[in-house]
Amino acid sequence: MEEHGSVTVGTAKLIVHEKWTSFPIVNDIALIKLAEPVELSDKIQPACLPAAGVVLPHKFSCYVIGWGRLYTNGPIADNLQQALLSVVNHVTCSRADWWGSSVRKTMVCAGGDGIVSGCNGDSGGPLNCQADDGKWDVHGIMSFGSSTGCNTAKKPTVFTRVSAYIDWINDKITSN
């Protein structure tokens, strides 16, 4: 059933990382196997994955995309939202006055300027970044943000770094 470029498809299987934990948040990644193929169109395209191990440079621009709240305690978005965020390197993001030890090297931080961020309800959404060759790669999967509110300075949105899980993704695709 297609409506405005969207398609509803059932789930055949949900594959959650075997070592996922919610506290502390570690291995926050899962794959969804669709119940049937989806026909590609000008509005529906597959996502590209980055090469294994890629770490984006500090201040690299990417887009967070989601259906979450428009602002702290605000309404849920009626339309899909996107926001341009700058990547924050691990050295900065793991400082004590930023995220400290909550941020691991298997994560990527973006934002933290106190103006633009992901928000509640965006979890699971992508951090899309354009490569030099023009293709768009999903470098992150939104994992968490600040409990003090969206757009908190020095509390960038934290994403699972997809490039840290390429071997796991390929293994799960092959075996499922």
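Although no hydrogens or angles enter the test, the distance criterion places a donor-acceptor pair under 3.5 Å between the side chain of T21 and the main chain of P24. For S163 (side chain) and P50 (main-chain N/O), no donor-acceptor pair under 3.5 Å exists by modelled atom type. A donor-acceptor contact shorter than 3.5 Å links the side chain of D122 to the backbone of G68. Of the possible donor and acceptor atoms, one in the side chain of R69 sits under 3.5 Å from a partner among the backbone N and O of G74. Put simply, the side chain of S146 gets close to the backbone of T148: a donor and an acceptor are under 3.5 Å apart. A donor-acceptor pair under 3.5 Å is formed between the side chain of S117 and the backbone N or O of N151. The closest donor-acceptor contact from the side chain of Q81 to the backbone of N79 lies under 3.5 Å. Between the side chain of T92 and the backbone N or O of V88, no donor-acceptor pair lies under 3.5 Å. K33 places a side-chain N or O within donor-acceptor distance of the main-chain N or O of N176, the cut-off being under 3.5 Å. Under a 3.5 Å cut-off, the side chain of S41 and the backbone N or O of K43 do form a donor-acceptor pair.
For the pair L127/V108, a side-chain contact is recorded, criterion being any heavy-atom separation below 4.5 Å from C-beta on. You'll find the side chain of F60 reaches within 4.5 Å of the side chain of C129, heavy atoms only. Using a 4.5 Å heavy-atom cutoff, the side chains of F159 and S143 are not in contact. A heavy-atom distance below 4.5 Å is found between the side chains of I141 and I29. In this structure, the side chains of W136 and C48 stay at 4.5 Å or more apart for every pair of heavy atoms.
No continuous path of ILVMFWY side-chain contacts below 4.5 Å connects M107 to V91, so the two sit in separate hydrophobic clusters. Under the 4.5 Å side-chain heavy-atom criterion for ILVMFWY residues, a single connected hydrophobic cluster contains both L40 and V7. Grouping the Ile, Leu, Val, Met, Phe, Trp and Tyr side chains by contacts below 4.5 angstrom, directly or via other members, places V26 apart from V158. Residues I32 and M142 fall into different hydrophobic clusters, defined by Ile, Leu, Val, Met, Phe, Trp and Tyr side chains chained together at heavy-atom separations under 4.5 Å.
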**OP:** Applying side chain to side chain contact (heavy atoms under 4.5 Å, CB included), run through V54 and H139 and close with a yes or a no.
**Re:** CA-CA 9 Å; V54 169; H139 276 272; 3.8 Å; yes

Original post:
So R104 and T106, side chain to side chain donor-acceptor pair (under 3.5 Å) or not? Walk me through it.
Top reply: CA-CA 5 Å; R104 300 168 189 281; T106 56; over 6 Å; no

**OP:** Please report the C-alpha distance between D113 and L85 in whole Å, then the side-chain angles of each, then the deciding distance to 0.1 Å, and finally whether the side chain to side chain contact (heavy atoms under 4.5 Å, CB included) criterion is met.
**Re:** CA-CA 9 Å; D113 60 4; L85 300 179; 6.0 Å; no

Subject >> Criterion side chain to side chain contact (heavy atoms under 4.5 Å, CB included) on Q130 and Y63, from CA distance to verdict >> reply: CA-CA 9 Å; Q130 192 169 26; Y63 286 92; over 6 Å; no

**OP:** Go through the steps for H58 and V87 under the test side chain to side chain contact (heavy atoms under 4.5 Å, CB included), then give the verdict.
**Re:** CA-CA 5 Å; H58 189 64; V87 169; 5.9 Å; no

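By the 6.0 Å contact criterion, CG on N73 is open, its count of non-hydrogen atoms from other residues, nucleotides or ligands being 12 or less. Around atom NZ of K135, more than 12 heavy atoms belonging to other residues, nucleotides or ligands sit under 6.0 Å away. Taking a 6.0 Å sphere around CG of D133, one finds it holds more than 12 heavy atoms contributed by other residues, nucleotides or ligands.
The CZ atom of R161 sits 10.0 Å away from the NE2 atom of H90 when rounded to the nearest 0.5 Å. Taking CD1 of I65 as the start and SG of C62 as the end, the distance is 10.5 Å to the nearest 0.5 Å. Note that CG of L56 and CG of D137 are 9.0 Å apart. Values are rounded to the nearest 0.5 Å. The distance from the CD1 atom of I169 to the OG1 atom of T174 is 11.5 Å, given to the nearest 0.5 Å. Rounding to the nearest 0.5 Å places CG of D97 at 4.0 Å from NZ of K154. Atoms SG and CG, from C93 and N89 in turn, are 8.5 Å apart once rounded to the nearest 0.5 Å.
Contact record, A35 with V9: N-CG1, 4.1 Å, taken as the closest heavy-atom pair. The shortest heavy-atom contact between N27 and K19 is ND2-O, 3.0 Å. The two atoms that bring Y71 and C150 nearest to each other are C-SG, 4.4 Å, heavy atoms only. The nearest pair of heavy atoms linking P126 to V138 is CB-CG1, 3.9 Å. Minimum heavy-atom separation, I76 to W67: CG2-O, 3.2 Å. Of all the heavy atoms in L84 and S61, the pair that sits closest is CD1-CB, 3.8 Å.
Annotation: cation-pi geometry not satisfied between K155 and W98 (NZ/CZ under 6.0 angstrom from ring centroid, within 45° of ring axis).
One side chain, W168 or E18, offers a donor N or O that lies under 3.5 Å from an acceptor on the other.
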